[in-house]
Structures are given as C-alpha cells and as structure tokens.
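In what follows, a single structure is set out as structure tokens and then discussed.
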Amino acid sequence: MNKINSINIVGLRGIKENLSLNLNQKSILFYGDNGSGKSSITDAFEWFYYDRVGHLVSEEIGATKGKGALRNLFLQESDDAFIKLEFNKPELASQKTINDALKISQTNNSNEFKEFIEKSQTENLILRYTFLQKFIIASKKEKLDELQKIIGFNEVGNIRDILRKNAGRIARNIKSNNYENKKSVQQSTLIENFGHNITSPEQFYEAANNLIKPLKLKIEIKNYKNINEVLKEIESKEDIETVKKINLFNKISENFSEVVGNIDKINSEYSSYYKAAEELRKEKEKIEKLQLLNLLIEGQKLLKSEIIKEDVCPLCQQDKNKKELIIELNARIEKLEELRKEKENVEQKSKDLQQIVQVNLNSLNSLESEKLLNTKDFELEYKQIKKLIASLEKYISELKKNFLAEIEIENSSVLAINKSDYEIIANSSKNKSKELIEAQKKNPKLQIHTKLSLAKQAYGQYNRIVKEEGFLRKQQHTFEALFADFIKRQEEALNVFLEMFSEEINDYYTTMNPNERIENIRLVPLKDTNDDLVGITIEYDFYNETKSPPIAYLSESHINCLGLSFYLASVKAFNKENRFFILDDIISSFDRPHRTRFARLLTSKFNEYQILLFTHEKEFYELISSEVKSKGWLLQDLHWNNANGTVLKTQLVDYKSQIEEKFKNRDTNDLGNLIRKYLERQLKIIANEIEAKVSFRFNEINEKRMAPELLDSVQGKLKASGELKTLADIPKIQAMPMLLGNTTSHDNQFQESIEDLKVMWEDVKKLIHCFFCNDCNKFVSVKYYDTVEKKIRCGCGKLKYDWKT
Amino acid sequence: MDKKIKSGKEVIDEFFSEIYNVENIDEKTVESLISLYSEGKFTDKNIQNKLDELLQEELTPKQKKDE
C-alpha cells in the first residue's frame, strides 16, 4: 500500500510558487490560519486522484468539473500548474499538469498507474469538515446508498432490481393472458366437435379416427400429418363459402368467450383502481404536498452541495441552522416518499389493468379485420364487436388519465361492461356455426371436414397456450428463485459488513468518549413491508436503552465524533491502494477533551497509516504537537502572502524544540516564557497522572492554570512519596524568576543571561525526568499503582517510587 | 476486519458462478443471463428481448412439427 514520499505543488488554487514537502512516508500536522492555503493542498490532492474538486463543481464551473477554478489567478498564461506526487513505489510517481487552456496531462501514462488511480477513486482519501456530519444526518435511504456506494454495492442493487423486475413482469404477463380462460375456450371447441375434452395427442387421434369412421377412408390418423391428409382428401371447393362462415362464427364465439372470461376481472380491478385513486384524490392536502417533493429534494441537494454556506434558508432567506434544515427536509422527504409509494402503487394497478385490457383488445381488433364481417350474415356480431372494442378502449383511455389531475376519472359503475350481452353473442355465434354444420346433413364429408378442421385448430391453439404458459411459468420461477438466492447473498454480505463496520465505529467512538454511557453503536438495516431493504439507521444503547437516531440525542461534538468514527472505519475497511488519508480542518467543533482523545486515537489506532492533518486552530496544534511529534510526525506551518501565495513557514515546532533551538542560537528573547509554558504543560500532565488536586474551575479557565498553582498542588501530593519529593525538588523550581508573574506577563521584565536560563532549563528537565520515562514514553501514574509493593510507576516500571495511599 | 467483508463485485461474481446450484431454474434462461452478464449487457431491456426470443424459439419449431 502506498504512502507519500514527497509533494510538489505549483500554481494550484492558493498556491502560486513551488510548495515542496519531503514526507518520507511520515504523517504530518499542518498548521495555518484560515486562508493560508491548507485546503489548496487538499484540493490539489482531490484533483490528482478524482479529477475533480467537489466543492468547486457546483459553485463555479460545473462543465469543467471545477477545473476552471483550479489554476492560481496570478499565474502567467505560459505557466503550467501542477501537483507532483512521489510514493514509496517509485513507479507510481506522476505529475499532473493543467495549462492555461485547461488541458490536462500526466507524466505517468503506464497501465499500472492508470489502474492505481482507478482503484484509488473508490477509496476515501479525504475528509473535510463540511462532510463530517454528512452520513450521520443523512436520511435512512441516503445512508444505505452511501454505504452501498463505498462497498461497491450499487451494482448489486441494480442486479437485484433487474431480477425482481423481470420476475414481476413475467408474473403480470401470465396474469394478463389469463391462460386458464384461453385453454377452457379451446377445450370447449374440442368438446363441441369431438364430444369430449382432449388432453393428449393419443386422445386427439382416437377422437379424430372416430369422427372420420363413417367416411370409411383408407387412412388411419396416427399423427398430425395424417390429419392434413384426411382434410385434403375430403375437402370440397364448392363448400368453401360455407366453411368460411362456419369458421368465422366459431372464431367470434371463441374470441367473445375469451373476453367474457376476463370481463369480471377487468370490471373488478378497475373498481379497485378507481377506489384507490379516489382515496388519494380526496387527500388534496397530501397531494399538494407531494407536488413539493421535487422541490424539497432539490433544496436538500442544494444544501448538501455546499452552495449555501451560511445558516440561511435558500428559499425564504430567513436565518435557519443549516444542519437542522437538512434534517427537517430529510424527515419531510421520507414522509412524502411514503405518499409517493402509495401513488406509484395506484399507477402500477393502472398499468397492470391496461395490459389485461390491451390483450383482449388485440384479439378483438384482429377479429374486426375479418372481411366477411361486413356481410349481412354477420351484421349483429360486427355491431357487438365494435361495441365491445369501444368499451375496452374507454377503459384504456380512463386508465391513461392522470388520476391526480383536476379532471375526474370515470366511475367504475359507468364503465362496467355487462358480461351477459357478450355471452349471448358468444353462444349465438356458436349456435350459428352448429346450425350451419347441421344443415349439411346430406353432406357428411363437409360436416366431418368442418369438425375435424375446427378441432385441429383448437387443439393446436390449446397446445400453444399450454406451452407458452408453461414456459413463462418456468421463467417466472427461475427469476423468483434467482432473486431469492441473490437477496440472501446480498443480505449476508451486508450484515457481515454492517456488523464489522459497527464494531470499528463503536471502538473509535468509545475511544474518543470513554466512560460515557453510550455503548454498542451499530448500523441497522431497515426493511419495508415487502421485506425489501430500504435504508440504514444508526442505533446505540444509552443506559441499556436503545436510542435512534443519534441526531436527536447527541451533542454537536458527539455527532462529529460519530461522523469521524464512520470515516475512519471506512478508511480501514476499504482503502486498499493508499495507506494515507487527509483530514482537512475537521476538529473545529470538537471540544477540548475530544480533541486530545482524537489525537491519541490517530496515533494509537492509525499508526500504520500516513496522516495529513490540517488545522487552523493554534490551541489544538499546540495541544497535540508534542504528542504527535513523539510518534514521529512532522510539523509544518503554512501561511499566505501576496507575492507567492501559500508558502511553508519555518516550522512552529513544539516548545521543547523551540527552547533548544533558542539555546543553540543563544537567543534569550522570550526563552524564559517558553520554558514556563513548557513547564506548565508538563505539570498539568503530572498533576493529572498523580491525581494532584487543584481548586475547581470551569473548562476553559481550568486550562489556564499557571505554574505556581500546579507546583503547589504537585508538591502537596508528593507527601505520598518522600523519595519522589526529594528527587523532584520542587521548591527549587518555585524560586525561578520567570514564575514570579501572572498569565498576562509573558513578556515580563526580568532579563536573565543565557547561562541563567540554561541552569533553569536543566532544573526543569530534571524535574520532568523524575516523572517521565524515556523508555516507555509514559509518565509515572497512580493508575500503575502496585498494591503489593505499594509503589507507583511508569508504564514499563523503570521509574518506581514508594507511594502511600 | 477486511478479510470477511465481500465487495459488491465479489457478491455478484459468486452469485453467477454458483447460479446453477439454485434449484428449480430453467437452464436456457440462466445460460442467457450468464452470457449477458459476461458481455456487460445485463440490462432490463436486453433481458426482456432475450426472454421473448427464447419464448419464440420454444414455440415456433414445435408448432411447425405439430402442424
């Protein structure tokens, strides 16, 4: 996995001149005021990896993915802007350049590099403050989408939808064809002509042989070919007109029977659709709100895209907390989504019914095109066909209407088709066909030809219907089985992920918030009534009671901790190519205890990662610089000037390094003050570790305790250890001149020589070394109290002192 | 924790590689689905066309034979 060896940036965002950093795969803490160019470095990284800068896209030039705003404004036309990164793998080094015409080039065009970038684009390399709460305040569906996106489950969702859609489509197709009805119509023709129903070819041949027996033909029907031979032998060209009429009456009877078999279903399903549509239409207020849905979704997108930076409602321009506004919008959208589902269900009912009606219309339209229908013999039937087509078309026309529009849809009682009207036609056509056959008594050949021909056609149709239905059912079962299997796999994979991911989040969160009653933080999948996964929610136990969502119960700092925990868990789970990540000014809303624990979390649980941590808060920088430096981090100060843009400033190292640098240069300016500050910082830790009591003060004031007070308190506590009390010799320190002031006298008047200060510095170091072990990098602490030996010690036990409790 | 977690692609690939173990499936349909997936054409429209094609294949030759 890759770590960064060096960074060179020229002409990107706020950086004009070359900004060059040799990291040698080490983590780095950047400090810089707002506007010093910290985010310019992050933007350059984002562009290098993702070919875009997210926060510039919507804000500036969408079409160029923010590239138009990438180049530093003061660059000459002929100057290229670039970022060059070198990694521990030298073959991945590349310089990405953008010229004045916004033409982009990479120096590394190897396939290995292209593959590296492509894979890196799925990783979470950068976290900015603005995205810290994104996941926590997202709606349950957005949480699911976000998680699915980072584990590459989008495609899983697509395939699941395709399998489900096809299973549903085939099931609807089977339903709209009403195969049982179709089969029964064909069987009825077979009964009419053979005297009984037919379910196998053998039965069919036997019935056909019985039918042709009176003709005493030499052919025995054993297969379909024989049937055709028989029909050919007994056909008579003179009777062709009669045969046509018989066939048409029969066809009319069959088609009407089929449609009649579906009329009850069409009437009742329209009635159910009508009721559901009317229910929704009655809820005018609800429907009006539904029309707001798109506006709310757009508003939500707008707020999340950072176009609106202030706490103001983008519509009414009233002051409104942005985070609260997003949460409010999420809740309204989720509610309206339920309403939208209700609407979609009604629309689906309409589509399903249209499909059923259309199948019947198609068969009637085909019947209507028969030329013979225009003759006098078929006057009544033709009229009824037209009437039935008009009735079905009326259904289609009503179903196509927007049921929520002002114009009302037709009541089901008005559209209902009277089945008996058409049953009469189905029966009368059959009777007419029969009568025509019966009229040919003197012509048994014609009678038998007609019956055999109709039966053959009906059996052929019957077989086709059976095959079609069987095949579609097989396909339906296939898709249903595949869908069930796929869902099982998806759920298993997602549950494993959620379980392990939750463990990590919980671990990071509780590390930053120890001894609080929030436990067992977990991501929980949510399903709808159809058992479909519709979202993810965050739950946790608070005093053994399950609470959700966090936003309702947790403070800003705690929510930020949760957001950060989520990000860090995703880094561990999914960053496979890169072993570094960037945290851009994310601690702004963390309170002091969270900041310290956050730094310790990074150095303890992410020590194998290279971290680029940016802050604009000097207090935070000072608070953690010693800690991270002791773990091998680099420290870097950034600032901005007109001539060069962002530049590296001489490093604002920790107090100890600054003091030693001053001794090296024999620079006494502010040296005494630095020693005092260093002493205060160390004393705070010592007082904490040995539980030296100081008087109560509120948070911020508590942090401003001065050396004399801390020294008194530590000295008081050392009554517990005569050995340590002698060794530390606190009274000697208490007599130092730089401690004879107050918090505002950092530039106090005494002017020691460099030699005096050296002595003082040695005494301070000696004091600290009584409490701090260089081997284990830990202070002597009561938490390491040995109850047998009655001693306190450092982490490894090298420093050990008697201790009376 | 990353050892046990499957990516989306792994879930899909495993599904297609073990698809014949699913009971009560039509092999011809499944064969077509695998082929569409491997060609990167696993879309609703393509599947619908393929299923219609299979239905016609199923009906047409037998229909000729029957007649």
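In this text the structure is predicted, and so the values were computed from the model without any measurement. Chain naming here is simple, since letters A, B, ... match the order of the sequence lines and numbering starts at 1 in each.
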| What part of R160(A) gets closer than 4.5 Å to chain B, counting heavy atoms only: side chain, backbone, both or neither? | neither

| Once you round to the nearest 0.5 Å, how far does NZ of K28(B) lie from CZ of F471(A)? | 7.0 Å

| task | Provide the closest heavy-atom pair for N24(B) versus A481(A) in the form atom of the first, atom of the second, distance. | result | O-CB, 4.5 Å

| field | I227(A) portion near chain B, given a 4.5 angstrom heavy-atom threshold | value | neither

| So, for F15(B) and L482(A), which heavy atoms are closest and what is the spacing to 0.1 Å? | CE1-O, 3.7 Å

| query | When you look at CD of E608(A), are more than 12 heavy atoms from neighbouring residues, nucleotides or ligands closer to it than 6.0 Å? | reply | yes

| query | Within residues 38-47 of chain B, which positions have a heavy-atom distance to chain A below 4.5 Å? | reply | F42(B), T43(B), D44(B), I47(B)

| remark: Heavy atoms of Q48(B) and N166(A) approach each other most closely as N-OD1, 4.4 Å

| field | Heavy-atom contact with chain A under 4.5 Å, split by part of L54(B) | value | both

| field | Most chain B-contacting option - heavy-atom pairs closer than 4.5 Å, from N158(A), D161(A), I159(A) | value | I159(A)

| task | Taking the side chain as every heavy atom from C-beta outward, state whether L33(B) and F479(A) have any atom pair closer than 4.5 Å. | result | yes

| message | Counting only heavy atoms from other residues, nucleotides and ligands, does the tally under 6.0 Å from CD of E344(A) exceed 12? | response | yes

| So which part of F486(A) gets closer than 4.5 Å to some heavy atom of chain B, the side chain, the backbone, both or neither? | both

| Residue pairs involving residues 472-487 of chain A (criterion salt bridge (charged side-chain N to carboxylate O under 4.0 Å, His left out); sequence neighbours excluded) | E469(A)-R473(A), K474(A)-D26(B), D485(A)-R489(A)

| Taking H477(A), K165(A), E503(A) one by one, which has the highest count of heavy-atom pairs under 4.5 Å against chain B? | K165(A)

| query | To the nearest 0.5 Å, what is the distance between OG1 (T478(A)) and CG (L51(B))? | reply | 9.5 Å

| request: Determine the minimum heavy-atom distance between K6(B) and A493(A), stating which atoms define it. | output: CB-CB, 4.4 Å

| request: Begin from the C-alpha positions of L55(B) and Q475(A) and carry the test side chain to side chain contact (heavy atoms under 4.5 Å, CB included) through to its verdict. | output: CA-CA 10 Å; L55(B) 176 63; Q475(A) 284 190 335; 5.5 Å; no

